[in-house]
Amino acid sequence: MAHRSNTSAANRIWRTIANHVATGLAVVSTILVVAPLVAIFVYLIYKGASSLNFAFFTQAPKPVGEAGGGMANSILGSAILLAVGSAIGVPIGIAGGIFLAEFGRGGRLANTIRFTADVLNGVPSIVMGIAVYSLIVLPQKHFSALSGGVALGIMMIPTITRTTEEMLLMVPHAIREAALGLGVPNWRSVLAITLKTASPGIITGCMLAFARVAGETAPLLFTAFGNQFWSANLNEPIAALPLQIFIYAISPYDEWHRLAWAGALVLIALIVVAVSLVRYVASRGILKGAN
Amino acid sequence: MVLVKIKLQEAGVAGQSGSPSRGRTRSGVDSQPEPSLVRKFLLSRGSSAFADRTFRGLMLLCAFSIFGIVALIATELVLRSQMSINKFGMAFFFRQIWDPVSGDFGALPFIYGTLASSFLALLIAVPLAIGLAIFLTEMCPRFLRSPLAFITELLAAIPSVVYGLWAIFVLVPILREHVNPVLAKTLGWTGLFSGPNFGIGMLAAGVILAIMILPIISSLTREVMTSVPHTQREAVLALGATRWEMIRMGVLRNARIGIVGSIILGLGRALGETMAVTMVIGNRPEIAKSLFAPGYSMAAVIASEFTEASDDLYLSALMEIGLALFIVTIVVNALARLLVWAVTRGTPARIN
């Protein structure tokens with residue numbers, strides 16, 4: 001009897017220790033994960049803020065050796081590329097999501113499409129880049145803003161399709177039935193009722209996709225290609241913020257490194273604003289009265 | 001097409017109907033106005049069914065675009081890499097030579113670099129990610145949970161090129177001056193941590209990749225863990241288990257397939273990660289045992305040599321590497337999705 005209680009006491013101590021060790025390890029790993037993020041942010045703000053100035057937002061890059069200059073043309077270029085990308089990705093993505101949620105629900109076809117979209121989401125962006133290169137740039141024989149926009153648009157489609165579908169699925173059936181009961185044709189009910197009810201969530205999804213492709217560099221390397229000068233022509237190579245950061249980061253010039261940090265800060269600021277906005281909207285309840 | 005027409009008619013009618021109808025009500029004319037084209041169209045059942053079909057068809061077309069994209073990528077890559085496939089055959093993937101000048105290409109150094117950096121990243125990231133997920137789902141005080149989740153989400157939103165920038169100017173110097181000498185002294189005898197210490201190299205690529213895939217693995221693991229029913233936890237606790245035993249037996253054991261899925265998903269991301277790796281891996285097509293040595297990865301070689309590819313065979317070889325990367329990531333991602341899906345399928349919406 002005494003022996004038994006002894007082992008059970010030892011056992012209990014051992015289990016308590018294991019419990020504490022596991023807790024400690026979890027806390028340590030959390031700290032180890034959060035540390036690099038904080039380090040990246042602090043360093044980025046420190047380096048970027050000291051290099052940001054008015055010229056950054058108004059001037060195109062100066063030639064090597066001259067001080068000053070900015071990345072205004074890259075910001076414009078990124079805006080144009082993202083506009084082209086969204087013009088392609090958002091309508092097709094939303095329409096695809098509508099099909100999955102409203103027409104294909106539970107069907108084999110919809111499941112296959114959903115699965116393919118998820119898998120496509122994981123295809124490296126550089127592969128998209130070379131595919132668009134061989135599709136558009138090679139036949140045209142020159143790099144162009146259009147091809148860059150197409151590459152970004154293609155990358156947005158699967159993400160937006162999936163988020164649209166998820167948001168539409170959250171719309172209660174009663175709303176659809178009410179619309180149909182009033183004799184509204186199905187297509188109008190989908191566009192004017194279901195889509196409208198889910199629109200905050202869908203906008204959130206579009207913003208997330210937007211934020212994701214805004215930082216993409218790899219697909220632009222061989223499509224938009226980059227440009228040191230002002231250009232808004234869809235048929236010419238165009239500068240883009242992430243691309244310019246990459247070019248400056250691997251250059252040997254301190255002045256360019258400085259600009260790279262400033263560019264990274266601007267890019268991150270844009271993305272963080274988008275993501276926090278999304279989170280704020282999401283936390284306020286996307287669909288009032290759903291479920 | 002039909003939809004566009006409908007929209008046009010609608011817009012036209014809406015434009016006209018403004019002032020005349022108001023005028024009519026003011027003057028008190030009570031004769032029913034002629035129903036507009038749109039109204040007629042909406043009231044007629046036949047055409048509305050037609051519109052429904054058209055709408056459905058349009059949406060289906062857009063949904064099919066996803067298949068279209070996959071098919072497009074596959075055909076473009078296969079067509080463009082034909083020359084290299086014909087010339088080198090399967091041996092392409094097992095040869096170490098990469099000589100653009102004499103037109104002799106083999107992809108082994110890149111395959112090795114991709115695999116080595118990705119597995120190194122998994123080795124670092126998986127324990128940390130699971131630890132983070134456990135902390136966030138099972139231990140974290142409520143007030144910390146949402147900021148921490150937000151921070152890890154942010155980590156996922158940082159673009160690859162910014163990670164690369166940070167890696168070049170912060171991570172690489174730290175590795176070169178503080179970490180690598182210690183590793184060389186303590187673990188140098190294994191041969192994995194020896195040779196010249198540039199800072200840039202396979203180890204730097206692995207570390208930055210680990211930081212990048214951490215949020216993906218941990219957020220998916222978290223999702224899988226929260227989908228484990230609460231009754232499981234309560235049952236284990238009721239038997240007198242400590243919290244760790246509850247996590248181990250009640251949560252991790254139930255979620256293990258999904259966790260494996262999320263790890264494979266992280267692997268898929270690591271395999272295809274381009275910019276950050278290109279910036280720190282050293283870009284030299286060699287296979288070295290030491291992790292300090294510079295290497296090259298499949299995505300990195302495409303990124304840095306594609307625009308320099310002067311002749312068709314060079315371009316074709318790079319395309320073939322791209323094709324291989326495409327196929328590998330598709331397989332890896334499909335596997336991961338199936339595993340995650342197998343776990344989270346059928347669970348009701350998450351209750352926080």
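Throughout, protein chains are lettered first and strands after them, A, B, ... in sequence-line order, and every chain is numbered starting at 1. Here the structure is a predicted model, which is why all the values come from computation and not from measurement.
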Specify which of A:F143, A:F225, A:F246, A:F41 makes the most heavy-atom pairs with chain B at under 4.5 Å. A:F246

Checking B:L338 against chain A: side chain, backbone, both or neither under 4.5 Å from a heavy atom? both

Within the 6.0 Å centroid threshold, strictly below: B:F64 and A:F99: no

If one checks every heavy atom of B:L148 against chain A at 4.5 Å, the contacting part turns out to be side chain

So for A:L120, is it side chain, backbone, both, or neither that comes closer than 4.5 Å to the heavy atoms of chain B? side chain

CD1/A:I250 to OG/B:S304 distance, rounded to the nearest 0.5 angstrom? 8.5 Å

Where do B:I302 and A:I130 come nearest, in terms of heavy atoms and distance? CG2-CG2, 3.7 Å

Near B:F67 CZ, under 6.0 Å, is it more than 12 heavy atoms from other residues, nucleotides or ligands? yes

Working to the nearest 0.5 angstrom, can you tell me the gap between B:I66 CD1 and A:I157 CD1? 7.5 Å

If we define contacts as heavy-atom pairs under 4.5 Å, which of A:A95, A:G215, A:A264 has the most with chain B? A:A95

Identify the two heavy atoms, one from B:G131 and one from A:T30, that lie closest to each other, and give their separation to 0.1 Å. O-OG1, 4.5 Å

Given side chains that start at C-beta, do those of B:L325 and A:P124 come closer than 4.5 Å, heavy atoms only? yes

Would you indicate whether the side-chain heavy atoms of B:M59 and A:L100 approach each other to under 4.5 Å? no

CD1 of A:I88 to OG of B:S65, rounded to nearest 0.5 Å, is 11.5 Å

Interatomic distance, A:L32 atom CG to B:L214 atom CG [nearest 0.5 angstrom]: 9.5 Å

Measure B:T274 against the heavy atoms of chain A and call it side chain, backbone, both or neither at under 4.5 Å. side chain

If every non-hydrogen atom of B:A51 is compared with every non-hydrogen atom of A:W187, which pair is closest and at what distance? CB-NE1, 3.2 Å

Under 30°, 30 to 60°, or over 60°: which ring-plane class applies to B:F55 and A:F103, parallel, tilted or perpendicular? perpendicular

Heavy-atom side-chain proximity of B:L77 to A:V127 below 4.5 angstrom: yes

Side chain, backbone, both or neither: which part of A:Y43 has a heavy atom under 4.5 Å from chain B? side chain

Closest-packed option against chain A by number of heavy-atom pairs under 4.5 Å, given B:A334, B:G268, B:A210: B:A334

Between the side chain of A:N19 and the main-chain N/O of B:T242, is any donor-acceptor distance below 3.5 Å? no

Side chain, backbone, both or neither: which part of B:R243 has a non-hydrogen atom closer than 4.5 Å to chain A? both

Heavy-atom check, side chain of A:E216 versus side chain of B:V161, under 4.5 Å: no

For A:L138, which atoms come within 4.5 Å of any heavy atom of chain B: side chain, backbone, both, or neither? side chain

Considering only heavy atoms from C-beta outward, does the side chain of A:L221 approach that of B:T307 to under 4.5 Å? no

Side-chain donor/acceptor of A:R212 to backbone N/O of B:A157, under 3.5 Å: no

If you count heavy-atom pairs within less than 4.5 Å of chain A, which of B:T329, B:L165, B:L132, B:I73 leads? B:L165

Give, as side chain, backbone, both or neither, the part of A:A39 having an atom under 4.5 angstrom from any heavy atom of chain B. both

Using every non-hydrogen atom in the two residues, find where A:T23 and B:M139 come nearest and quote the distance to one decimal. CA-CE, 3.7 Å

Does CG belonging to B:D312 count more than 12 external heavy atoms closer than 6.0 Å? no

Between B:R80 and A:S134, which heavy-atom pair has the shortest distance, and what is it? NH2-O, 2.8 Å

Min side-chain heavy-atom separation A:V27-B:F135 under 4.5 Å: yes

A:A260, part contacting chain B, at a heavy-atom distance under 4.5 Å: both

Could you go through the side-chain contact (heavy atoms from CB on, under 4.5 Å) check for B:S218 and A:V33 one step at a time? CA-CA 10 Å; B:S218 99; A:V33 173; over 6 Å; no

Go through the atoms of A:I271 and report whether side chain, backbone, both or neither lie under 4.5 Å from a heavy atom of chain B. side chain

Quick one: what part of A:Y133 sits under 4.5 Å from any heavy atom of chain B, side chain, backbone, both or neither? side chain

Identify which part of A:V190 has an atom lying under 4.5 Å from any heavy atom of chain B, answering side chain, backbone, both or neither. side chain

Bottom line for A:L267: the part with an atom under 4.5 Å from chain B's heavy atoms is side chain

Can you check whether B:N333 reaches A:V123 side chain to side chain, under 4.5 Å on heavy atoms? no

A:L135 versus chain B, heavy atoms under 4.5 Å apart: side chain, backbone, both or neither? both

Starting at CG of B:D52, measure out to CG of A:N186 and round the result to the nearest 0.5 Å. 5.0 Å

Quick one, B:W244 and A:V21 - any side-chain contact, counting heavy atoms below 4.5 Å? no

With a 4.5 angstrom heavy-atom cut-off, could you sort out which part of B:I168 is near chain A: side chain, backbone, both or neither? side chain

Please look at B:I330 and chain A and tell me whether the side chain, the backbone, both or neither of the residue comes under 4.5 angstrom of a heavy atom of that chain. both

